[in-house]
Number of protein chains: 2
Amino acid sequence: MGKAASSRPIESQAPTMADVALRAGVSAMTVSRALKEGSRVSKATREKIMAAVNELGYVLDQSAGSLSSRKTGFVAAIVPSINNSNFADTARGITDELESTGLQLLLGYTDYTVEKEEKLIEAMLRRRPEGIILTGGAHTERARKLLKSAGIPVVETWELPSKPIDQVVGFSNEEAMGLLVKTLARKGYRKFGYIGGTTSRDTRGSQRREGFVRAIEELGLPTGRLVSFGVPPISIEQGGQAIVSMLERWPDTEAVLCVSDLSAFGALMECKRRGMKVPQDIAIAGFGDYEVAAFCHPGITTVNVDCYGIGRQAARRLIQVIRGAEKKQGQEIVLTGYRVVEREST
Amino acid sequence: MGKAASSRPIESQAPTMADVALRAGVSAMTVSRALKEGSRVSKATREKIMAAVNELGYVLDQSAGSLSSRKTGFVAAIVPSINNSNFADTARGITDELESTGLQLLLGYTDYTVEKEEKLIEAMLRRRPEGIILTGGAHTERARKLLKSAGIPVVETWELPSKPIDQVVGFSNEEAMGLLVKTLARKGYRKFGYIGGTTSRDTRGSQRREGFVRAIEELGLPTGRLVSFGVPPISIEQGGQAIVSMLERWPDTEAVLCVSDLSAFGALMECKRRGMKVPQDIAIAGFGDYEVAAFCHPGITTVNVDCYGIGRQAARRLIQVIRGAEKKQGQEIVLTGYRVVEREST
DNA sequence: GTTCCTCATGATATCGATAACATATACCCG
DNA sequence: CGGGTATATGTTATCGATATCATGAGGAAC
């Protein structure tokens, strides 16, 4: 910069593409092309334009661009909670997958209610996302209608909905919990208890519970040891309270399965606080393979779910439809893996 | 619905405001008014319009609206990680505070690098947010320039930057860690160790470490017991590995302070795994008051930070500038509280 | 040298809503 | 009943970019 320092005009207005064009001595259209990857602009012109861009501190206005190009570059994703590290991982997977494509994530959370989900869906659709990722298959009728008339690809995740809207990336929570029961039954446990939330708001939680009940029945084991405690998402603290209730009602329970690792961890800590030995006095298992389950002592047996992969795959499927062939290839269902991780708590 | 089922026209195009207007027999402008809170439209007209809206499944297009109104309704927030429950809480606080105002959050995460922050800031500014919330005070020069020329209110959080851009909602990590040291010194501990990450990427971590060193020096206690382990954010697992290293080099350490509760939890579990008694053999403290610290056994002494409140207050300050008086009231700094929470681990 | 093609660039219309102004109708009051 | 005011609605221009078509310059081939 051998030239005199360029005086910065004190304009409160942010510079526009026309300002850049004027300064670079080209048309606005050429500026638009120069700022877009893969369009042909001569090297000299591009340099002039970039110089003007830097001098003015210009940043492209995508809200204007998306109006004329009819592509907003948004993808919406709705999860039950961003405080839950499983869903945070999914959100991270989505973001990471979107990053290379220049798509921007609009993230919302429902607090596990379909009513808030409906509101969120509507709010997001106002931004005209090019695709939308939902958690689970439970939605209000109005939400379904809104999604249908929006005409954008939808991916439901984390479950296998009985009535899929469009695409699905998920797994059967019922089967996964069933597998956990069977794995532990093979180790000799017979009196199983289950800890979960009180309502059906958390559909994945309900499915896991059903999977538990079904597996117990199939194996011909003692049934009925179900404790419901707290509104989903059931916290660490509530897991601790729930196991107290479990031990009071069914003191001879041999193994307790929890709807998530957080409640399992709470249960585990409560047991230790009471001087019980895990797994000798009682075995505890969770679901989700949270970091805390791997590194607490004893480590908690759990079901590992590919949370991050769910996010990446969901985003990838959207991208394929958005950027790829116009034609939707029908309701594809992607099954994501899960596996039982046995640790010291069982 | 006593009427015959309305046949759904197979139009791939999403309906526009003009379609609604046509159907309701009014002008587009009236539709726009009817869909906006607080504008005067007669009851009969509004009902006609709402009927048309529902029949067509119309959803307002805000990207178009924000172009003419010159208000996008976006607020950007950039945090180091969304997998960290402290920052997830802050994001939740922001979202909750924005909800009533109709503003939509654009959330991004930097993985603790200023380079990715710069990229994110630029990407977000392309969406023309009306305000932006950042974590910490470390930014690239270019990021600062971009923010300045964007001319929107900026709130830096979670720290007290030495060179604030605009507004600040945070606390002194240095002082907070110093308070923790002093609190434990009062209980009689003298040989303090510190566990943190290896680089200065995590500026809050660095500040906590400085606060630790300074407090130790001021109290005239033995210095130098610092273990750096792993790239921030330091995980539970790395906390466990770090305390092994600490015990090898300084076996007589009485109390170990960790950059966060996650590493403290890892350290705690590793000690238990080795059969050490906490706090009798060694005391352990963390930072951040994560849920796990409260409910693990023994509970971990830590510094509680109002993560959620930081988010709410940061958002509130933005809203005041955005929706309120045009005039910025200068660089206001809001101090958020913190407090030492003593538990069984010390 | 003429024709044809490629590549760089410009001109204009347009995306879908809203701001700002214009107009029409109803209502109020002395 | 006339003038003024409030309320409801319509008309037009506009936000800032991009799609599309048009144009011009340069080069290759014969």
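Nothing here was measured: the structure is a model prediction, and the numbers come from that model.
Between B:T203 and B:E159, the side chains place a donor N or O and an acceptor N or O closer than 3.5 Å (distance only, hydrogens not considered). Using a 3.5 Å distance cut-off with no hydrogens or angles, the side chains of B:T110 and B:T113 do not pair a donor with an acceptor.
Residue B:S68 places no side-chain N or O under 4.0 Å from the OP1 or OP2 atom of D:dA13. Taking 4.0 angstrom as the limit, B:R70 places a side-chain polar atom (N or O) nearer than this to OP1 or OP2 of D:dG16. Phosphate contact (OP1/OP2 of C:dA17, side-chain N/O of B:Y58, threshold under 4.0 Å): present. An OP1 or OP2 oxygen of D:dT11 is reached within less than 4.0 angstrom by no side-chain nitrogen or oxygen of B:S27.
Taking atom CD of residue A:Q62 and atom P of nucleotide D:dG16, one finds them 16 Å apart after rounding to whole Å. In this structure, CG of A:D19 is placed 13 Å from C1' of D:dA17, rounded to the nearest angstrom. Taking atom CG on B:L67 and atom C1' on D:dA13, their separation rounds to 13 Å, with Å as the unit. The distance between atom CD1 of A:I49 and atom P of C:dT9, rounded to the nearest whole Å, is 7 Å. The NZ-C1' distance, from B:K48 to D:dT9, rounds to 11 Å in whole Å. Atom-to-atom, CZ of A:R40 to C1' of C:dC5 comes out at 13 Å; the value is rounded to the nearest Å. When rounded to the nearest whole Å, the span between NZ of B:K36 and C1' of C:dT18 equals 7 Å. Following rounding to the nearest Å, B:M17 (CE) and C:dG16 (P) show an atom-to-atom distance of 12 Å.
More than 12 heavy atoms of other residues, nucleotides or ligands lie within 6.0 Å of NZ in A:K116, so this atom counts as buried by the packing criterion.
Using a 4.0 Å heavy-atom criterion, one finds that A:S63 contacts no nucleic acid atom at all.
Of all heavy-atom pairs spanning A:A76 and A:M124, the tightest one is CB-SD, 3.6 Å. Residues A:T72 and B:S63 come closest through the heavy atom pair CG2-OG, 4.3 Å.
Using a 30° and 60° split on the angle between ring planes, A:F87 and A:Y112 fall in the perpendicular class, above 60°.
Considering A:K163, A:R144, A:K145, A:E156 as possible partners of A:H139, the one that fulfils the side-chain hydrogen bond (donor to acceptor under 3.5 Å, both in side chains) test is A:E156. Among the candidates B:L105, B:I319, B:V75, B:L103, the single residue satisfying the side-chain contact (heavy atoms from CB on, under 4.5 Å) test with B:E97 is B:I319.
With C:dA19, C:dC7, D:dA19 as the candidates, the nucleotide lying closest to the side chain of B:M29 is C:dA19. Set against D:dA17, C:dA8, C:dG16, the side chain of A:A64 has D:dA17 as its closest nucleotide. Proximity note for A:S69 (side chain, C-beta onward) versus D:dT9, D:dT18, D:dC15: the nearest is D:dT18. Candidate nucleotides C:dG16, D:dG10, D:dA17 were compared by shortest atom distance to the side chain of B:T16, and C:dG16 ranks first. Comparing D:dT9, D:dA8, C:dG10 by their nearest atom to the side chain of B:T30 picks out D:dT9.
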Which protein N or O atoms sit under 3.5 Å from an N or O of nucleotides 21-24 of chain C?
none

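Looking at which nucleotide of DNA chain D each of B:S42 and B:G65 is closest to, the 5′-most match is held by B:S42.
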